[in-house]
Each structure stands twice: as C-alpha cells, then as structure tokens.
Enquirer: 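Mind having a look at this structure? Questions to follow.
Along the sequence shown, residues are numbered consecutively beginning with 1.
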Amino acid sequence: MTAPATTAAAAKASAPRRTVVEPLSTRRWILDLVAVGVLLLIPIIGFWPTFDGPRYLVAALGGLALGMGLAVLGRRYRWGVLALAGATVVVYFLFGGALALPATTVAGVVPTVRTLGLLALGAVMSFKQLLTTVAPVAADDGHMIVPFLLALVAAVLATSFALRLRNAAWALIPAGGFLAAEIALGTSQPFVPVVQGVVFGLVAVVWIAVRQAWRPQAAAVSVGEGAASRTATTRRIMMGAGVIVLAGAVGVTTSAFAAPASPRYVLRDVVIPPFDIREFASPLQSFRAYVRDHSDDTLFTVKGLPKDARVRLATMDEYNGMVYNVSDQGLGSSGAFSQVRTNMSADAKGAEAKVRVEIGSLESVWMPDAGAVRSITFAGADADELRRSAHYNEYTETGVVTAGLGKGDAYTLDSVIPRTWSDEQLAEQKFAPVTLPKQDGVPKSLADVASTAVAEASTPIEQVRALQQFLSEDGFFSHGLKNQPLSRAGHGAERISTLLGSKQMVGDDEQYAVAMALMARELGIPARVVMGFYPDEDEAGSGTFAANGDNLHAWVEVAFDEAGWVSFDPTPPEDQVPSDQTTKPKADPKPQVLQPPPPPQEPVDLPPTVADDRGSDDDDGFDAGMLWLIVSIGTGALGVLAVLLAPFIVIGLLKATRRRRRRQAERAADRISGGWDELVDRASDLGAPVRPGATRQEDAGVLTTAFAEPRVATLAHRADSEVFGPAEPTPADIDAFWTEVDELVGGMARKRSVWRRLRARLSLRTLLEGTRFALPSRSVPDARRAPVRADPPAQENE
C-alpha cells in the first residue's frame, strides 16, 4: 500500500493547479469604477486652461463615459482584444461627430462623410493642430478630438485592467499616461497643479489599499498545501505594500510634474508652428506699384463695411533702415501669427459687424480685413486650402493666407469695429506702455526735427497732432507718376532723410506715414505703420466698397492707455501739390543737420514688388495642397490600421514564440508533449471546452465531440506511448507527430467560421492559462463532463 500512496502523493505534487476565477462582487465593481472615473477626471479637468471654455468637457466626459461603458461590456460578455479594439474604433467614429465635431453632423448627432473624414485625420493631425495653435484654443475648430480620443482610450484600458486583472496597479499605467499627455499637450500655466498630483496619488493609494484588503486569501490552491497559505499571505502582504509604495511614487511624481516651483515645460513651448512671416516681403514695398498699376482695377470688394471703418492689409512695426516690415518677435509683436480659429480677439471692444470680402484682381498673401477679427469663414472651391493656410495676428489685426488670395476667393469676417475717439476724449490719456521692436538705421536728424515739431505740445495727443500737422500742412502730395511732380518711391533712410531735408517735402502716403512713425518712435511715442484701404468721405457708409489703387493708403497708429491704437493720417491732401519744385525754401524751415553722403539713388517709379506666389493660370503646377490632403488622409488611415492590426501582431508573435519553444524543447519527449499541448491550446482558442489539468485521454474525448475528429484519440494514445515509452522518440517520430498536429489543427479551423478563426488568433485564453490572470474555464457538455476534483489524477499510462 506504500507504493500506491507514494504514487498518489507524487501525482498530487506534480498535478497542475486548477485556476479559480472569482466573480466580481458588487462592491468591487463600484469601487473600481469610481476610482478609475476619479483618476481620469483629473487630466480632463487639467485641460481647462488649454480651451477657451467648458465646452470641451462635453467631448472629454463623453469619451470617459463611453470608454468605461465599453470596458464594462467587454468584462461582462468576455470580449477579446480584437472585439474590444474594434468596438472602440466604432464608438470613436459613431459618437465622435456628436461630441467633438457637432458642426459637421446632421442635427448635431448624425455623422456625415465630412465628419468621418475629419475624425480619421484628427486621430493623427489634431494633436499637431492643438500644439501649433495659441492657447486657449477654440472648441469649434476640431481641437475637441484630442480630449475625446484620449479620454476614450484611457477609459477603455484603465477600466478593463481594473475589472479583469487581479492587481489594480496595472490600471494606473493608462491613467498616468493620460495625465502625462494632458501635461505635455497643455499650457505652461497648469490648472491647480499641486491639487492634481495630490488627488491622483491619494486616490491611487486608497484604492489599491482597499483592493488589497478585500482580496481573497488564495486564488489558486492545491490539496496538501497546508503551509502554503501562510506563504501566500506573506507574499500578498509584501505585494500590497509594494503596490502602495508604487502608487505613492506615482502621486509624488505627478505632484512634481504639476508643481509650480519651477517652470513647466510642455510640447507647446518647443513645437514651432509651420509659419515664418519673414518669408513674405513687406507689402509697403509695393505701395507705389499698386497705385501705378491698379488705379482703376477692383482689387477686392467689401460688403457690410461700417461707416468710418478701414480695411487693413498689414501692420508694420519694425524698421531696419531700408524697409518698414512686419516683425517676428513672438507674442505681442506683429509676428505673433497663429492659425485662424473661432475665438480670436476675445477682448476686443466695439461694434460687432459681419463683413464679406470678395477678391478681384488682388494677388497677395496679405488678407484684407476690418477691425478685430473674431472668426473667418472662407467660401469657394479653395475654401479648405485657404482655411488651412490662414493665420491671424490679434495684436496687429493682420491676416496672412500663405496659399495666396486670388480672383474668385471670398470669405466672411465676424469682426469688432473699434470706436472713434476725439481729441477731447484723448486729452487726459497717456501713451500705452506697449513693447515694440527696436528701430535700426534711423536718420540722426529725425530726433531734432521731431523735437522741434512738438516743442509747444504739452499732452500726448498734442504731441501726436503736432507731428501729423507738421507733415500734412507743410508737405506736398505726389505719387511721382506721369505728369506729376517728382517723387521717388521707397521709404529707406535716405529717402526719408531727403524728404525732411528738402526745401519742399514731396511724397505720398508711403513716405509720410513712415516719417511720422519714425519721428514718433524717436520721441518715445508707441507708433506703427498700417497699409490698407478706406473710401472717400462721399462714399463712406454706402454698404459696398471697391478697393483699388486710388483709395490705397498708409497711415500711423499710436497706442493710448485706454483707447488702444488710434489712427492718424499725416499725408497732405492730394490737391496740395507744389507749383514749382525749385521755389524758395519754406517760410519756417526746420533746423537741419549735415547729412552723410547719400547712398546710390533708387530708380524712379521702379519700386520693389512682391513676387507672385500663385503662378499663372496656364501653369500645370504641382498641387501641394492636394498632396498634403492625400498624405494626411493616408496617415490617418495608416494610424487607424495600425491600431487595428496591433493585437494581431503582438498576440501572433507570442503564440509563434510559444510554438517554437515547444517544437525546439531540449528533451525529445518534451517536444512530443509540446506538440500535444499545441493541439489542445489551438482547439481551446477555437472554442473547445477543454479543462485545465485533464489527461490527454480526457482532452481527446472533448475534442472528438467538439470537432467530430476521431483521429485525436489516436494521437493522444501515440503521445502517451512516445512520452512514457522505454525509448526516446526519434527526430523522424517528432516530425511526423507535429505534422499530424498541424493537419488536425487545420481541419479543426476549417470547421469553424471566419469570425471564429479570427477570434481564435486573438484569444488570450491559452496564453494566460496558469497565471493569476487566467480566464474562467468553459463549461463542458453534461454528456462529456469530466469529474472535477481538487486533486486531478495522474496520467492513465503512468
């Protein structure tokens, strides 16, 4: 009796353990869902400074609810990785329009073809667009895709890990990843930074501690292991302590990330927007060309322009001795351009107006606009391309369309037209403390001329008016065209010095506006030059304004403390022309300073012009916009395809590695048993209700019933003979055995549907078997149910 007892004991010791998966209790469900929801709410709230209002919460909270709901359904119905990933993609496209892109849907709910296209592109491009747009960004410009997608994916992963895995610490990985993404995509001024980190750490610690307290004493037991329970308890306590330490470290780390003691570095600070204002020549260089070549041409038409409003083409605030240009010194300067959005000029004050601009013969990258623009809606065949390439500077109220405007283009502006200030209202106001780029190459004589002109002025507005009247009353007007008094084009230092040092000042808006701005800056007055259009007094308020070379102007804007930028026109009236350019000096000449030898004269009537970026209509040029669209769509499609194929690739590699390990085992008998294990695992993935720990004969009975394949029983007997026989299997025996295994597996697969075979390839059941993450065993049909024993018997052939 001793030998059988010893054999039974040995069988007990060597028998595999039967994994017992405990169903989740109601309190566990509630605890996990609440904890995951709170952890994911922290990065959602952290997006607050990035958006211009609470509307992004609709998308983020919607993604959170949908993601957690998918994870609950996946746990309830035991969805595999493929099913859960596919459901997530379907939910993204089905609900993404209503939550993130409501303006593109029907009735705000039903997605359209445009909605689906934008969602596909947004899965990749929305992150770049968010980073290259000045925060706070508008919720209506497609940026809500980012919080929706991040919340959806993080909720699916974190909730699935919490409900399916024994160790809840795994759920902290997607939750922490979501928080890290929010920090990287957010702003350098976080929202309640310390509170975010502290709350995240506390919730993680408390949740995991409670989970450890509620955890059962043993998840896998075997008869005869009396002392093992004490070891398992000790191991569980140590593991719980380690998990709590990990959660505490996460909390400290997130607090450090969010702490305001040192500057927060985010991707927005290092990502350079794909726009450089220095690529475009100053429009003021083409002033004389517009006047000369387009005096009767309709450059563009403006409808809805309020009375006394002006159409701005560009604002220049940097001078280098040759050109007054648009600067590129970041936020607060005229180079601070960002992509157009629907929440621009939020602080603008004045009368709201809707202005429509229809482009005629104008070919330029500079976009005509009026007032402070809040939103721009493009129309026409090139609307999408123009919208993508449109940039706007709220500080200078200047727009640029890098794709170039041309005949047939049109857009509508929602603008705020500033009020008109009188000198009496400006009498008590000081100059605004604004920062402007430093001026270079300014003629030395301008400071003395400016000081003399404002000698009798006492208030800021009187100083500005003195400069304006000095030029407009003492100067003469001429474009220098045919049959007009000589007036050279350009506004370099030599030209301005000649203007102010001549016996008679002769020029047009270009020279007088630059001269006044330079003199004002020499006196410390914040001034800049604006080039644009406005109708004559008799045409103002007519409702429709046709811009051409005759009503092109340049003027000066000066910043006052309360009024903001106020316009001044230093150009003399057009009928104020010199009768004789060789007459005596002015009656009250201004003091002059000896000037250095002037540089070579600029050619008369040959001003520099802006290169034509559009090309002729006859050119079969390369359509870069179409290529960008194709590449973007392809990138988005590849991104979605990569997400869908990732489970196939990863799980396929794991199963291939397992097969290779079995096929190349060190012992020949292990290669035979490995072949049988491969057959059983593949059958289990195909849905066969095999039971862990069963003998080969028991497995053969289940597989014969499940697949109507009698050869399985024969192969089981062969495996027992080879493994427990007196001689080691030969390489030929092993190859023949594996060949028969592959044939049986192929026959089993052909008896299942395509979807069943697809699920089998992505099934994690056999990969997780024997681990603490093992899935519950399938039910065995009553007719073939094997007896369930706590201590499975040894192999029959033993």
Side-chain angles (χ1 to χ4, degrees), residues 16 18-19 21 77-83 647-648 651-652 654-663 670-724 729 733-770 774-789 792-793 795-797:
R18 180 167 55 90
T19 302
V21 179
Y77 296 103
R78 300 176 182 177
W79 290 350
V81 175
L82 175 63
F648 287 95
I651 297 175
L654 292 176
K655 291 186 177 181
T657 302
R658 181 184 63 183
R659 173 186 169 87
R660 183 171 62 255
R661 185 175 63 251
R662 290 170 171 173
R663 186 69 175 81
D670 292 338
R671 298 179 188 178
I672 295 294
S673 61
W676 177 260
D677 292 339
E678 183 72 15
L679 172 66
V680 174
D681 287 345
R682 296 290 294 275
S684 178
D685 289 340
L686 288 169
V690 295
R691 181 173 60 86
T695 65
R696 294 190 181 95
Q697 299 303 322
E698 291 173 339
D699 286 340
V702 174
L703 299 185
T704 300
T705 303
F707 297 98
E709 183 57 73
R711 289 184 299 169
V712 176
T714 304
L715 188 65
H717 286 290
R718 180 177 175 182
D720 288 340
S721 301
E722 296 285 357
V723 171
F724 302 108
D733 295 335
I734 296 173
D735 292 340
F737 187 87
W738 273 89
T739 299
E740 190 168 354
V741 167
D742 292 338
E743 291 177 356
L744 286 173
V745 170
M748 293 176 183
R750 285 191 292 272
K751 294 177 181 180
R752 293 292 187 260
S753 65
V754 175
W755 291 109
R756 179 69 259 186
R757 294 198 296 269
L758 193 60
R759 288 179 56 188
R761 290 190 176 276
L762 289 172
S763 175
L764 295 174
R765 176 176 297 276
T766 57
L767 290 175
L768 298 177
E769 188 62 47
L775 301 175
S777 300
R778 295 189 179 93
S779 300
V780 181
D782 293 340
R784 302 291 302 174
R785 182 180 299 274
V788 179
R789 296 184 294 271
Q795 295 286 348
E796 294 179 10
N797 291 59

Enquirer: Going from CG on Asp720 to OG1 on Thr695, what distance comes out if it is rounded to the nearest 0.5 angstrom?
Expert: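 Interatomic distance, Asp720 CG to Thr695 OG1, rounded to 0.5 Å: 8.0 Å.
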Enquirer: Measure the OG-CZ distance between Ser763 and Arg756 for me, rounded to the nearest 0.5 Å.
Expert: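 The OG atom of Ser763 sits 7.0 Å away from the CZ atom of Arg756.
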Enquirer: Under the 3.5 angstrom rule, does the side chain of Arg757 hit a backbone N or O of Ala749 as a donor-acceptor pair?
Expert: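 Checked: pair present.
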Enquirer: Please walk me through it: do Val702 and Phe707 pass side-chain contact (heavy atoms from CB on, under 4.5 Å)?
Expert: CA-CA 9 Å; Val702 174; Phe707 297 98; over 6 Å; no
Enquirer: Looking at every heavy atom in both Asp699 and Ala694, which two are closest together, and how far apart are they?
Expert: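 Scanning both residues completely, I find the closest heavy atoms to be OD1-CB, 3.5 Å.
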Enquirer: Which atoms form the tightest heavy-atom contact between Ser684 and Val690, and what is the distance?
Expert: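 Where Ser684 meets Val690 most closely, the heavy atoms are CB-CG2, 3.6 Å.
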Enquirer: Please walk me through it: do Arg659 and Asp742 pass salt bridge (Lys or Arg N to Asp or Glu O under 4.0 Å)?
Expert: CA-CA 11 Å; Arg659 173 186 169 87; Asp742 292 338; 3.2 Å; yes
Enquirer: Please report the closest heavy-atom contact between Trp738 and Gly674, naming both atoms and the distance.
Expert: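 Where Trp738 meets Gly674 most closely, the heavy atoms are CZ2-C, 3.8 Å.
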Enquirer: Any heavy-atom pair between the side chains of Glu709 and Thr704 that's under 4.5 Å?
Expert: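 No - every pair of side-chain heavy atoms lies 4.5 Å or more apart.
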Enquirer: Quick one, Arg671 and Phe737 - any side-chain contact, counting heavy atoms below 4.5 Å?
Expert: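 The answer is no; the side chains never approach within 4.5 Å.
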Enquirer: Going by heavy atoms in the side chains, are Thr766 and Arg658 under 4.5 Å from each other?
Expert: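 When only atoms from C-beta onward are counted, Arg658 and Thr766 do touch, with a gap below 4.5 Å.
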Enquirer: Search all heavy atoms of Pro729 against all heavy atoms of Ile672 and return the closest pair with its distance.
Expert: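 For Pro729 versus Ile672, the nearest heavy atoms are CG-CG1, 3.9 Å.
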Enquirer: Go through the steps to decide whether Arg682 and Lys655 satisfy the test side-chain contact (heavy atoms from CB on, under 4.5 Å), and finish with yes or no.
Expert: CA-CA 10 Å; Arg682 296 290 294 275; Lys655 291 186 177 181; 5.8 Å; no
Enquirer: Run the salt bridge (Lys or Arg N to Asp or Glu O under 4.0 Å) test on Glu678 and Arg663 for me, step by step, so that the C-alpha distance in whole Å, both residues' side-chain angles and the decisive distance to 0.1 Å come before the verdict.
Expert: CA-CA 9 Å; Glu678 183 72 15; Arg663 186 69 175 81; over 6 Å; no
Enquirer: Which one of Asp677, Thr657, Asp681 satisfies the side chain to side chain donor-acceptor pair (under 3.5 Å) criterion with Arg662?
Expert: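 The residue from Asp677, Thr657, Asp681 that satisfies side chain to side chain donor-acceptor pair (under 3.5 Å) with Arg662 turns out to be Asp681.
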Enquirer: Decide side-chain contact (heavy atoms from CB on, under 4.5 Å) for His717 and Gln697; before the verdict, give the C-alpha distance in whole Å, the side-chain angles of both, and the deciding distance to 0.1 Å.
Expert: CA-CA 8 Å; His717 286 290; Gln697 299 303 322; 3.4 Å; yes
Enquirer: Between atom CZ of Arg759 and atom CG of Leu686, what is the distance when rounded to the nearest 0.5 Å?
Expert: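 Reported to 0.5 Å precision, the distance equals 10.5 Å.
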Enquirer: What closest approach, in Å, do Arg718 and Asp733 show between heavy atoms, and which atom pair accounts for it?
Expert: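 Where Arg718 meets Asp733 most closely, the heavy atoms are NH2-O, 3.7 Å.
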Enquirer: So which atom in Ala683 and which in Met748 form the shortest heavy-atom distance, rounded to 0.1 Å?
Expert: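 Scanning both residues completely, I find the closest heavy atoms to be CB-SD, 4.0 Å.
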Enquirer: Per the side chain to side chain contact (heavy atoms under 4.5 Å, CB included) rule, which among Val723, Leu679, Val680, Leu715 passes with Arg696?
Expert: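 It is Val723; the other options fail the test.
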